Amino acid sequence: MKSRVLVLSLILLIQKGEIFVRTEDEDGFIEREGVHLVLNGSPFYGNGFNAYWLMHAASDPSTRNKVPTAFQEASSHGLTVARTWAFSDGGYRPLQFSPGSYNEQMFQGLDFVISEARKYGIRLVLSLVNNYEDYGGKKQYVGWARSNGQELSSDDAFFTNSVVKEYYKSHIKTVLTRHNYITGVAYKDDPTIMAWELINEPRCTSDLSGNTLQAWITEMASYLKSIDENHLLEVGLEGFYGDSYPVRKQYNPTSFQAGTDFIANNQIPSIDLITVHSYPDQWLPGSSNEAQTLFLNQWVNSHIEDAQNILGKPVLFAEFGKSYNVSGYSPSERDQLYNLVYSAVYLSASGGGAATGALFWQLLTEGLDSFRDGYEILLSEGSSTASLVSEQSEKLSSLRKKYAG
Ligand SMILES: *[C@@H]1O[C@H](CO)[C@@H](O)[C@H](O)[C@H]1NC(C)=O
């Protein structure tokens, strides 16, 4: 069965005039089956990274080659998933400079990111808007609607105002139906893209009941799926618990509320993949490393259990990291944090559980100092953290080989 699929896909590739032979493993859409991501019939595990800067670097001729450099370094450490921004709304070097109007040079940068990712065997998670004002976000969309006569009191009108919602839907449609100028493939038909993300770290503090975000996710998820049924969809959640499962609220960072509801939001049927972000250094500022480690251990494991037992969907630790730019930082504490996340993922995955991978924040390469934020890892520096990254890639890759028999 397996070899027949391989032969068939090789024939199809030859018919499409592909110039280089790709293995069966690298092609096809990543899909969901129960609590697993699946590629060509066996579980797919993604060890990966965040690199929000890819489109920006790619669209500037002076930094374009940083994209293949970063992918090459990532790939040589076994990394197979990258999460990045498919948005830049208004402001400096926008992708979308006003509602529905796009900067072709930036789009061609994103095209390049996708075509290079494919060459290096890297799958992409593409986020469609920001909760925060970096690269535009909710604030820019609401600002556009205000300029168009809407009276809106808060940026959270992003989630409710009908004009803003139409702007955002139009962005979804523009990105998903974009034809890559290098490969000719429409984004919605491109298996290099592993998943769409509705919004990076949604928060709606004006409605802590969670109802506003629940309604917005439901509406936007079904809109996106009406355009693209091929790709996985995730929300972009950090993972804070809400009222649908009060007993879990004890695992939130100290009485933190964001108007999100990890369980209810992820129960929405069009959501395929669960995400969790983990920043104990930001969420428990000033607390000891021991306290942050204790928190993180509970945070990671409670989300894996819920993905497995309540939600029945795979969970991706889509952001985690530790800043060196905080007093008391030591590299061994960063390694400890990476180890904790990686071990929990591997323990779950090797037992057939719902954890599907982890993406550290953030990968950088030489010559991009303006994108430093205290969390960056330059794999070429060969740090102890870089070795942990490689080890995790190897473990997850042999797990996939084992399951594939
Ligand atoms: C480190 O923190 C300082 C003070 O908050 C900030 O100005 C600086 O930009 C940070 N450096 C990096 C690389 O993030």
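Computed from a predicted model, the values in this text were never measured in an experiment. In each ligand, atom 1 is the first atom listed, and ligand 1 is the first ligand listed.
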My question is simple, although I want it checked carefully: is [atom] less than 4.0 angstrom from any protein heavy atom?
| atom | answer |
| --- | --- |
| atom 9 (O) of ligand 1 | no |
| atom 5 (O) of ligand 1 | no |
| atom 12 (C) of ligand 1 | yes |

Salt bridge or not between [X] and [Y]? Use side-chain N to carboxylate O under 4.0 Å.
| X | Y | answer |
| --- | --- | --- |
| E104 | R178 | yes |
| E305 | R248 | yes |
| D243 | K249 | yes |
| D281 | R334 | no |

- Task: With heavy atoms only and a cut-off of under 4.0 Å, state how N325 meets ligand 1: side chain, backbone, both or neither.
- Result: side chain

- Under 3.5 Å: N/O of Y324 near N/O of ligand 1: no

- Query: Which pairs with one or both residues in residues 359-375 pass salt bridge (Lys or Arg N to Asp or Glu O under 4.0 Å), sequence neighbours excluded?
  - Reply: D369-R372, R372-E376

- Item | With Y251 via ring pair (Phe, Tyr, Trp, His ring centres under 6.0 Å) - residues at least two apart | none

- Atom indices of ligand 1 within 4.0 angstrom of D373 heavy atoms, with elements: 14 (O)

- Item | Sub-4.0 Å atoms of ligand 1 with respect to non-hydrogen atoms of G374 | 13 (C), 14 (O)

